[in-house]
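We name chains A, B, ... by the order of the sequence lines, and we start the count at 1 in each one. The analysis underlying the following values was restricted to heavy atoms, covering all of them including side chains, and did not include hydrogens, waters or symmetry mates.
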Amino acid sequence: MTSIWNKRTKHCHGFIDKQIKDAITDFFDNEGNYADFDMSCANKIVDHLPHNLSCSSVNWSWFQYLFDSYYEKREKLIVCILISKLIKYDCYTGDYSEIVETFKWMNSGEIKPALFWLLSNSLLPFNLIVIQSDIRTSSNKNQKSISSFKTDSHNLFLSGLLRNFILSGNTSNFVAKEFYANFQASLNGKLITSPNDFNAGTFKHQYFFYKQNFSNSTVITLLKSFYLKLINDGYEILNWQDGIDRNMLQMNSFNSHYENGYLPIPLNPFDSIPESDRWLIIPNGAEKKSTKLNSFVYKPIDFSLVKDSQLKISLKHWFWNSNRSLSSRIDAANIIIKFINFIYDLRYKFNLRQVTSSEFPLDYITVEEIYSYVSFVKERKLYNAYIGVVRRYLIYLQENNLYEVDPAVYKYLVIRGYTHINTAKDIPDEDLIKIEANMKVKSTENDLQALYYILFHIAIATEFRIAQIINLKIDCLVKGAKKDYYLESHSKVSNGEKLKIPITPYTKRYIETAIKFTQEVREKCNDDSIKEHIFIHNYFSQQFKVVTVRTFSDYLKKICREEGITPYSAQNLRDTYMTKSIEYAIKNNMSLIETKILTSHKQVDTTSNHYVADKIKDYLEATHMVIIGNLNIKGTIAAESDFTDGDLVNEECGYCKHESCIKNDILDCLMCSGFIATIDRIPYFEDKISKINNHIELAKLPHEKEQFIAIKRLYLAYLAKLLELKEQVV
DNA sequence: GTTTACAATAGATGCGCGAC
DNA sequence: GTCGCGCATCTATTGTAAAC
C-alpha cells in the first residue's frame with residue numbers, strides 16, 4: 001500500500017496546473033468507488049499525460065484522442081473516470097462547455113458508462129442530455145432527480161430542442177429512451193436548424209418510422225407531445241391543409257384516424273365537395289349552432305363504407321348541403337350508409353331483383369327495396385330515425401335529380417307508435433345532499449374534480465343544459481342595465497345567435513369562481529379556442545382540454561354509486577327543483593367553495609399568508625365592486641368565542657362583550673371595539689351584505705347610497721378577515 | 001289556440017383506446 | 001390498472017308547423 005501511495009503522490013504533484021492536479025488527486029482517491037478500478041492501469045494513463053498539461057487543452061477532441069489511445073475496454077473505462085474528474089474540477093475549456101457542465105450532475109456510477117458510450121461512438125457532448133429536475137417527496141423536501149438521455153442528434157440545436165422538451169413535460173413518468181436515441185434517424189437524417197424545420201412531412205416520416213421500429217406506444221405519444229410542445233411554443237408548423245393539425249393531434253383517436261387516412265376538412269358548403277372519402281370535419285362555425293360541438297373537436301365520417309358508388313356521391317352531396325347541425329348530420333349519414341348498404345346487398349348479394357323479376361334498372365330505388373328495408377328496421381326494432389332520415393334523404397335525391405326513386409316508396413316510410421313519456425325525475429334533497437357532500441370532499445383531490453363540483457352547483461342552481469354550462473366562455477357574463485347580470489351563450493334554438501339569459505348573483509359568483517380557478521391553466525395555454533372556455537384543465541402533458549359532458553355524467557354516476565343511491569344523470573340535475581332547505585345549504589357551501597378555490601393553489605406560495613389575504617380581498621372587491629382598502633377594524637376577529645347566543649348583536653353577525661351598549665345610535669356595531677366576529681358568523685355577514693345591496697339599490701339620494709356603500713365596505717373588510725382566518729384554521 | 005306528428009337536437013352509455 | 005376521452009348508437013327532450 002505504501003508504495004502505491006507514494007507513487008500516486010508523486011504523480012499528483014507532477015502537474016503544474018492546480019485544477020488538473022486536484023482532478024487527478026480525486027481520480028486516485030476514488031479508487032474504492034469502482035470495483036474494477038485497476039491502479040496500475042490508472043497509473044499508466046496518468047503517466048502518459050504531460051506534466052505541463054493545462055486546462056486550455058482539455059477539450060472534447062482531446063478526450064476523444066485520450067480515449068482512442070487505449071484499446072482495451074478496461075482501459076477505456078478508466079479513461080472515462082479520469083475524464084469525469086477533469087470535468088468535475090472545471091478543467092474542461094472546449095466547445096459545448098455548458099453541456100459538459102451538466103455532466104457533473106451525474107453520479108460516478110452513471111457518468112462512466114455515459115462517457116464511454118459517447119466516446120466509443122465518437123459522439124459529441126450534445127448527444128447526451130442530462131436533466132436535473134425537482135421531485136416532490138412525501139417529506140416535502142426539494143430533491144433533485146437526475147436523468148440522462150442518449151440522442152443521435154446531429155447538432156446542438158436539435159439536442160437543445162429535445163432537452164427543452166424533456167424539461168417541459170412530465171416525461172419522467174413515461175420514459176421511452178428509444179424516442180431520443182433514434183430521433184435523428186426518424187428524420188431520415190434531416191438536419192434541424194430551426195423549429196420551423198418540422199412540418200407535416202417530417203411528422204409523417206417520424207410517425208411511421210417509430211411505428212415500424214418500436215412496439216412501445218409511448219414513443220408515438222412522445223412524438224405527438226413533441227410537436228404539440230413546438231406548437232404550444234408558438235410555432236405554426238402544422239396546418240390542416242397538410243392533412244394534420246394541432247386539434248387532430250390532441251385527439252384521443254388521432255392514431256387510428258391518421259393511420260386510416262382521414263383528412264381534416266373544414267365544413268363549408270361553398271367549397272366543392274372533397275374527393276376523399278374519410279373526412280375529419282372541422283366544424284368551421286357549425287359549433288355555434290350546437291352545444292354538442294366545439295371548434296377544436298373534429299368529427300369523423302367515412303364515406304368509403306358506402307358500397308354503391310353512385311349513391312356514395314349523392315350521399316356526399318346531401319351531406320355537404322344539408323342544414324342539419326353537424327353532429328346530427330353525421331348521425332343521419334351513418335344511418336343512410338346502413339340504408340344504402342342494405343339496398344346494395346339486396347341487389348347484389350341476395351339478388352332481390354331476380355326474385356321479384358323487377359324490370360327496373362339498378363339505379364332506381366324500388367318499392368320492394370324500401371319495403372324490405374322497412375321490414376328489416378321494424379324487425380330489429382331500430383329507432384324511428386332509421387325511417388325518417390331515409391325518407392328525407394330520398395326526397396333530397398329526387399329534388400336534386402341525383403337518383404331515381406319510385407314515388408310510391410314514401411307511403412312505406414312512415415313511423416307509427418310515437419310515445420311521449422315524461423321521465424323527468426328530480427333528485428330528493430337527501431340524495432342531493434349526499435352527492436354534494438361527496439363531491440365536496442373529492443373537489444380537493446384534483447382540479448378536474450373541483451371543476452365537477454362547481455359544475456354540479458351551477459347545474460342545480462340554473463335551468464341550463466349541462467353542455468351549455470360546460471361550454472361557457474370566459475366572456476359569457478354580461479352586465480345588465482342595473483345590477484343584474486346576463487349569461488351569453490349559444491343554444492340549439494338560437495341558430496347560431498347568442499342568447500342572453502338572466503342569472504342570479506349566486507350563479508354569477510359560481511361562474512366567476514370557476515374562471516378564477518382555471519386561470520392558472522389558462523395562462524399556460526396558448527390555444528385561443530380552448531382558453532376562451534371556463535371549464536378547462538391540463539390533465540395530459542402538452543394538452544389542454546375542455547371538460548366534456550361525457551366525463552361529467554360518468555363522474556356523477558360514479559358518485560351516486562359510491563353513495564348507494566340511484567345513479568342520477570345530469571338531466572336529473574336540471575329536473576331537480578331546489579327546495580328552500582337545499583338552497584340554503586348550497587348557498588352556504590358556496591362561500592366555502594370560493595375560499596377553498598381561491599386558496600387551493602396555496603402550494604404556489606404557501607409561506608405567504610399575505611397572498612391568501614390579498615386574494616380574498618381582491619375577490620371580494622371584484623365581486624362587490626367596492627374597494628375595501630386598508631380599513632381599520634375596531635372590533636375583534638376570532639376563530640371562535642365563549643359568548644352565547646344571548647350576546648349576539650347586529651342580526652347575529654357577531655357578539656358584544658359589553659354589558660350594555662356603549663355606542664351611540666349613529667355608529668354601526670362593527671365600528672365598536674366591543675364587537676366580536678367569529679368564523680361561524682360568515683353566512684350572516686353574507687346575508688347582511690346582500691341586504692345592504694338592496695338598500696343601495698333602493699336608495700334614492702346619492703348621499704344615502706354613499707353611506708350604504710361605506711357600511712358595505714366595513715362589512716366586507718370584516719368578511720375578508722374572517723375568510724382569511726378561516727383559511728388558517730382549516 | 002291547442003293538439004298532434006314528426007323533425008331535430010341534446011343527453012346517455014357500451015366499448016375500446018391512449019395517457020400515465 | 002385507472003382515468004379521460006371519442007365514437008357509435010341508442011334514448012329523451014324540445015322545436016315546429018300542419019291539422020284540428
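Between Leu573(A) and the choices Phe464(A), Phe456(A), Tyr568(A), the side chain to side chain contact (heavy atoms under 4.5 Å, CB included) rule is met once, by Phe456(A).
What separates CG of Asn216(A) from P of dC20(B) is a distance of 13 Å, to the nearest Å. Distance, Asn323(A) CG to dG15(C) C1': 16 Å, rounded to whole Å. Between the P atom of dC3(C) and the CG atom of Leu556(A) lies a distance of 16 Å, rounded to the nearest Å. Rounded to a whole Å, the CG atom of Asn334(A) is 18 Å from the P atom of dG6(C). In this structure, CG of Leu293(A) is placed 16 Å from P of dA8(B), rounded to the nearest angstrom. When rounded to the nearest whole Å, the span between NZ of Lys211(A) and C1' of dC17(B) equals 11 Å. As a whole-Å value, the separation of Arg278(A) CZ from dC7(C) C1' is 15 Å. Distance His257(A) NE2 to dG6(C) P: 10 Å, rounded to the nearest Å.
Positionally, the nearest nucleotide of DNA chain C for Val297(A) lies more toward the 5' end than for the other of Val297(A) and Tyr383(A). Remark on DNA chain B: of its neighbouring residues Val389(A) and Ala467(A), the 5'-side contact belongs to Val389(A), judged by nearest-heavy-atom nucleotide. Comparing Ser569(A) and Ser217(A), the nucleotide of DNA chain B nearest to each residue sits closer to the 5' end for Ser569(A).
Within the nucleic acid shown, Ala570(A) comes within 4.0 Å of sugar-phosphate atoms alone, with no base atom in reach, counting heavy atoms only. Counting non-hydrogen atoms under 4.0 angstrom, Arg329(A) reaches nothing in the nucleic acid. If you check every strand for non-hydrogen atoms under 4.0 Å, Tyr568(A) touches nothing. No contact: Ile330(A) has no heavy atom under 4.0 Å from any strand. At the heavy-atom level, Thr548(A) lies under 4.0 Å from the strands shown only through sugar-phosphate atoms. Among the atoms of the strands shown, only primed sugar atoms or phosphate atoms (P, OP1, OP2) are found under 4.0 Å from some heavy atom of Ile466(A). Across all strands, Lys338(A) comes closer than 4.0 Å only to sugar-phosphate atoms, never to a base (heavy-atom distances).
A heavy-atom distance below 4.5 Å is found between the side chains of Ile435(A) and Ile565(A). Put simply, the side chain of Phe544(A) does not reach to within 4.5 Å of the side chain of Ile536(A), judged on heavy atoms.
The side chain of His537(A) places an N or O atom within less than 4.0 Å of a non-bridging phosphate oxygen (OP1 or OP2) of dC5(C). At dC17(B), none of the side-chain N or O atoms of Ser256(A) fall inside 4.0 Å of OP1 or OP2 (strictly under the cut-off). Taking 4.0 angstrom as the limit, Arg574(A) places none of its side-chain polar atoms (N or O) nearer than this to OP1 or OP2 of dG11(B). Checking the phosphate oxygens (OP1, OP2) of dA7(B), a side-chain nitrogen or oxygen of Arg392(A) falls inside 4.0 Å. The phosphate of dG4(C) (OP1 or OP2) has no side-chain N or O of Tyr555(A) nearer than 4.0 angstrom. At dC7(C), one or more side-chain N or O atoms of Lys299(A) fall inside 4.0 Å of OP1 or OP2 (strictly under the cut-off).
Considering only side-chain atoms of Pro300(A), the nucleotide from dC20(B), dC7(C), dT14(C) that sits closest is dC7(C). Listed candidates were dC5(C), dT13(C), dT9(B). Nearest to the side chain of Gln571(A) is dT13(C). Here the side chain of Ser328(A) is nearest to one of dA10(B), dT9(B), dA19(B), namely dT9(B). Side-chain atoms of Arg465(A) lie closest to dG11(B) of the nucleotides dA19(B), dA7(B), dG11(B). In the set dA8(B), dA10(B), dC5(C), the nucleotide with an atom closest to the side chain of Thr551(A) is dC5(C). Of the listed nucleotides (dC6(B), dT9(B), dA12(B)), dA12(B) has the atom at the smallest distance from the side chain of Lys557(A).
Contacts between residues 245-255 of chain A and DNA chain C, defined by a heavy-atom separation below 4.0 Å, involve Met251(A), Asn252(A), Ser253(A), listed by number.
For Lys292(A) and dG11(B), a side-chain-to-base donor-acceptor distance below 3.5 Å is present, hydrogens and geometry of angles not being considered.
Taking the six-membered ring for Trp and the full ring otherwise, the centers of Phe179(A) and Phe183(A) sit less than 6.0 Å from each other. Aromatic ring centres of His457(A) and Tyr453(A): separated by under 6.0 Å. Checked against a 6.0 Å centroid threshold, the rings of Phe198(A) and Tyr235(A) do not count as neighbours.
Using a distance-only test at 3.5 Å, with no hydrogens or angles considered, a donor-acceptor pair links the side chain of Gln449(A) to the main chain of Lys442(A). A donor-acceptor contact shorter than 3.5 Å links the side chain of Tyr227(A) to the backbone of Phe203(A).
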Name every donor-acceptor pair, under 3.5 Å, that has one atom in a side chain of residues 326-341 of chain A and the other anywhere in the protein, sequence neighbours excluded.
| from | atom 1 | to | atom 2 | distance (Å) |
| --- | --- | --- | --- | --- |
| Ser328(A) | OG | Arg324(A) | NE | 3.4 |
| Ser328(A) | OG | Ser325(A) | O | 3.4 |
| Arg329(A) | NE | Arg324(A) | O | 3.1 |
| Arg329(A) | NH1 | Phe319(A) | O | 2.8 |
| Arg329(A) | NH2 | Ser322(A) | O | 3.2 |
| Arg329(A) | NH2 | Arg324(A) | O | 2.9 |
| Asn334(A) | ND2 | Ile330(A) | O | 3.4 |
| Asn341(A) | OD1 | Lys307(A) | N | 2.8 |
| Asn341(A) | ND2 | Leu305(A) | O | 3.1 |

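The local environment of OH in Tyr371(A) is sparse, with at most 12 non-hydrogen atoms from other residues, nucleotides or ligands closer than 6.0 Å.
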